[in-house]
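The basis for the numbers below is simple: all heavy atoms, side chains too, and nothing from hydrogens, waters or symmetry mates. Naming: A, B, ... by sequence-line order, numbering from 1 per chain.
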Amino acid sequence: MPNKYKEYQQLNLPAISQEILAKWEAERAFERSVELRAGATPFVFYEGPPSANGMPGIHHVISRTLKDLVCRYKTMKGFQVKRKGGWDTHGLPVELGVEKMLGITKEDIGKKISIAEYNETCRREVLKYKDKWDELTRRMGYWVDLKEPYITFQNEYIETLWWILNELYNKDLLYESVSIQPYSPAAGTGLSSHELNQPGTYKDVKDTSAVVMFKAIRNKESEFLFKAAAAGAEIFFMAWTTTPWTLPSNLGLTVGPNIDYVLVKTFNPYTHLPINIVLAKALVSKYFKPEGENIDPEGYKEGDKLLPWTVLAECKGKDLEECRYEQLLPYEANAPEKAGGDPFRVILGDFVTTEDGTGIVHTAPAFGADDFKVGKKYNIGILVMVDRQGKFIDGLGEFSNRYVKNYKDDPQYVDVNVDISVKLKKENRAFKIEKYEHNYPHCWRTDKPILYYPLDAWFIRTTALKDRMVELNKTINWKPRSTGEGRFGNWLENMVDWNLSRSRYWGTPLPIWRTEDGKEEICIGSIAALRAELDKSVKAGLMPPPVGDDVEKYIQKLTSDLHKPFVDEIIFVSPGGKPMRRVPDLIDVWFDSGAMPYAQWHFPFENIDTFAQNYPADFIAEGVDQTRGWFYTLHALAALLKESIHEKLKASGVPAADLERLYPGIAYKTVVSNGLVLDKNGNKMSKRLGNVVDPFKTIGDFGADATRWYLITNASPWDSMKFDIDGIKETQRKFFGTLYNTYQFFALYANVDGFNFQEAYVPLKDRPEIDRWILSSLNTLIAKVGAGLDDYEPTVAGRLIEDFVDEHLSNWYVRLSRRRFWKGDYGHDKLCAYQTLYECLETVARLMAPVSPFFADWLFCNLNSATGRNKAASIHHTDFPEADESVIDVPLEERMQLAQDASSLVLSLRKKVNIKVRQPLQKVLIPVLNPGMKHQLEKVEDLVKAEVNVKELQYLSDGDGFIKKKIKPNFIALGKKLGSKMKAVSTALGAFSQEDIAKLEKEGIYTLSIESEPLILKINEVEITSEDIPGWVVAGKDTLTVALDVTVTPELAREGNAREFVNRIQKIRKDNGYELTDRILVKVADVPALKDSLTQFNDYICSEILADSIELVAELANGTEIEVNDILLKVFVSKKA
RNA sequence: AGAUCCGUAGCUCAGCCUGGUUAGAGCACUACACUGAUAAUGUAGGGGUCAGCAGUUCAAAUCUGCUCGGGUCUACCA
């Protein structure tokens, strides 16, 4: 007894997922899929480590599907694809989660809870949802090695990070500097860029903005201004600020070197005193009305709305350089000598615009990054008049100790910015004070405005390698290309040094120790180096081991966890004999993940060969939000470390000649960045809106296959996708339903006939046209799907598979071949049909395996368990199909398309005249334009006739005089040649008579007269179609036109009745629940109107309904009443014993 | 503010790179068929100023520029 194909009641995708998952786990299918490729060329994939302290969402399903399908595809293509998993474990999200859980703030750490306890909690909490992640990984069918993942908090991992930092340090790429950073006075902490990018951080707020006047001092540089003004007049530089609290810290005024400025004579609108002010020419209209220009200033008096104004002089910004001005708000605390530079000068900066303000930028180096930079360049010094609580320091008169913003939620708070503005107004130093609405960053935790504040920080000098990074980026295959060239390329072009410092607790400590005076410093690059230094320090008596403790053990213990606070307890001794303590900073977590190519293998301390084989990655994929995150840090570190890597690899035996070629300084060769997943209305998913899709529920309801297929085929992965459950339902029904039906159909009949693919493979030439056609289409599909996946275009590939299954396989091949499966003996034709359909199903399963791994394996196993054709236990251990060019027959595919079109047209005609398909008709007329077309049609004639139920196909050619032809220009061919004459030719062709067309066809050329010039038209420069057959109802598509003979002769009507009768009996068979192979007995109550039909087509009817005979009886007592083309009759059907 | 992606039927998307004269598919809706795959299928119908404006061209959904709307990323904004 041969094995049967499994048959099912209905499609249950979640059940299939579960069944296959259990099989995979029992058979270690994933591990096997890697082992089976041992020795093969590796395809290197890097897993971007997720942070397991949050729940996975549906957006993780799409990026992981993308990763998984590429890895599965490459495995099937013969590569060995190891996928080492990983966990990102450090950083702010974890810390915040812990603080929330414990109900503490950052300030409590070290007080209410020890740092050791705190970090221990972080270590525990960070993998809080690991089980959920693992479950998602399993259930969605993401194959990744989670048995030996890299974990960023492990000592070995950190040791590699230290090695990297030390390499950078030694190459002078790691340095410390003061920089202006976002700082939250309310929270008392600096904010990372990550924090600043929390949703809702930037808010529109109304602040008091002030246009203030800095009084110019007459000197060599400003002489030209004073000369232009009246003798003894005061001249002011006008500057705008939305943060008046920074004015006491003002030390400079920055102008754009190429911006035009003017000196304007006018009045102060508040004090009404005559003034002369300097501002950008382009912004004059913002402060002055045109009708006020050059009117007599004598007439101006208090209360006048219209300010008179006159331009006295004009100059470029660079002409103002080095002008000096009086300090605006002088106090004890901000005395000029305290600035530590040469302040109160006009300086030049490229960042100045004339978009708003006055074109002159008030510059307080302490509170703006641009200010700091330009201030440093001109040595104007720095004044920090605000402390870290966000209040003015002592010595600022009436403003001393006042908060610059309401950080404490004080209901009595009086805005100091208003008071400053009022004071300036009174002192004739303000030109305009108003509320100004702008976008300003806020601390996402306290909801209070942040300020920019000078803080010490460590940087990586990425800008030193900028050119290299830009060049190398051009060698990376970005999907989509625009992200690499645009978003990422621009980011590289505008790169700034990487601020590594974080003042937190749970992260990788910066391995730099220094003496208190900062003169001696050491960077540690390994645990061995750490121990060596410790050893020295113990010997010097700086770190005495506890009494009775073994020194070796003591050192071992101290170095067993490189986190805070333990690492901070370590004190070194400097060469000068002084104690050295670690600098307090931790490093940016993005450094952790960017270093994963090295740290995951504990390079260079071990696994140098493994690393060498797994670097760089062939492929990585993450969400587009990682462009400036992981994609950047990977790229930056690869570029920075190029030489260090070469050194290590050279030392381990990699030939010098190969180094540049194999390790050009990139971390990945191809990167796919997928877009966001939005809800079905296009809104971002957020817990707040309650539109978050639970991936577990989705996969539970629809199975992983339909979910994955939908996510991949609905839109290109890099477009943001609108996630709609109805879309998954459609996928399930349309694609999986159709494919399942096709399998079910196959299994049904293959089981009846006992087809197990034991017979020899029937050569293609011996198979019928339709089989050769579907196999040709199949191979065309293989080629296109392979090309699509090679090009990282899974959406294109998936859609091609869908189209094939739906349009070609199910709705044409199977539909037209149905009879071949159930009719007649198990002979040659049946064998061909089974072999062909089997091959299609098996191949489709393999093509879809990367995207929908469960269903594909299920289909494969169902087929394979009956035939044993393949030794592999899983489809994921087989090879991806290769297209066989010799099977592809383009003319065959074309004529089948012709047949499909012709059938569709005939059916539409039948519809139009309301003649059902079951009623045979005599003939279809098809005008043929050339012998080739006729030839093609003849080969598919039988298919068309069967499909549309007509007796004959008649071809009409010119000679018959039936066809009416139509001509139009072939625009593509003629366009270049004719250019502007195109329209005239088009018109001329429109006026062609049938004779003209015939002449052109006969002679091959035709001479037109266009604008009195002769123009020779060749036959291939026009398109001739037949659009009409006079006297017939026709339908047409492209160059194909069909006409249908709709006459139902009595002969045809009898046949139609017979077919209708068969149909009714079949229905009864089915209602009675007979097996397909049961034979039956039929009795019919004699009806004159049908007698002829039943007699004439007796044989046909009997063979169709598996009856030995049809017995016509006069009376039928217990028959079933049926209706055949409006004729009522009674029949009795019984199973033959 | 800059960069980038997107805007085609009620909905989801093809087509655009490489311009060519009736702009396609699926879903949904309506009607009618078919049915020995049947919770499947076919045919037909309605539904589009291809976001808008301008330009290049004989010809623009397609190329260019600008504008508008939506998303994302980045940002030191005075």
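Taking atom CZ of residue A/F631 and atom P of nucleotide B/U74, one finds them 13 Å apart after rounding to whole Å. Distance, A/W812 CH2 to B/A37 C1': 17 Å, rounded to whole Å. For the pair A/R1079 CZ and B/G36 P, the interatomic distance rounds to 18 Å; values are reported in whole Å. For the pair A/F372 CZ and B/C77 C1', the computed distance is 17 Å after rounding to whole Å. A/K729 has its NZ atom 19 Å from the P atom of B/A39, to the nearest Å. Residue A/Y813 contributes atom OH, which lies 15 Å from atom P of B/A37 at whole-angstrom precision.
Nearest nucleotide to the side chain of A/R733, out of B/U12, B/A78, B/A40: B/A40. Checking B/C27, B/G36, B/A78 against every side-chain atom of A/Q1066, the shortest atom distance belongs to B/G36.
Classified by interplanar angle (parallel below 30°, tilted 30° to 60°, perpendicular above 60°), the ring pair A/F821/A/Y749 is tilted.
A/Y834 and A/D753 share a side-chain donor-acceptor pair at under 3.5 Å. Side-chain atoms of A/T246 and A/T243 form a donor-acceptor pair, as typed in the model, at a separation below 3.5 Å. A donor-acceptor pair shorter than 3.5 Å cannot be found between the side chains of A/W709 and A/N714.
When the C1' atom is compared between B/U8 and B/A23, the two are found 8 Å apart, to the nearest whole Å. Rounded to whole Å, the separation between the C1' atoms of B/C58 and B/A44 comes to 38 Å. Taking the P atoms as reference points, B/U74 lies 25 Å from B/C13, given to the whole Å. Taking the P atoms as reference points, B/A40 lies 12 Å from B/C29, given to the whole Å.
A/R799 comes within contact range of the sugar-phosphate backbone alone, with a heavy-atom separation under 4.0 Å but no base atom that close. Across all strands, A/N741 comes closer than 4.0 Å to base atoms (heavy-atom distances). Looking at heavy-atom distances under 4.0 Å, A/T246 makes no contact with the nucleic acid at all. No contact: A/D803 has no heavy atom under 4.0 Å from any strand. If you check every strand for non-hydrogen atoms under 4.0 Å, A/R815 touches a base.
Between A/R820 and B/A37 there is no side-chain polar atom (N or O) within less than 4.0 angstrom of OP1 or OP2. Checking the phosphate oxygens (OP1, OP2) of B/A37, a side-chain nitrogen or oxygen of A/R818 falls inside 4.0 Å. For the OP1/OP2 pair of B/A78 and a distance below 4.0 Å, the side-chain nitrogens and oxygens of A/T242 include at least one atom meeting the criterion.
Sequence order on RNA chain B of the closest nucleotides to A/E730 and A/Q10 puts A/E730 first from the 5' end. Positionally, the nearest nucleotide of RNA chain B for A/T713 lies more toward the 5' end than for the other of A/T713 and A/Q744.
Here A/F459 and A/W498 keep their ring centres 6.0 angstrom or further from each other. For A/F431 and A/W240, the ring centers sit 6.0 Å or farther from each other.
Pairing for B/U72 goes to B/A3, judged as Watson-Crick or G-U wobble with the two contacts each under 3.5 Å. B/U56 is unpaired under the criterion used here, namely a Watson-Crick or G-U wobble arrangement in which both key atom distances are under 3.5 Å. The nucleotide B/A23 finds no pairing partner, because no Watson-Crick or G-U wobble arrangement with both distances shorter than 3.5 Å includes it.
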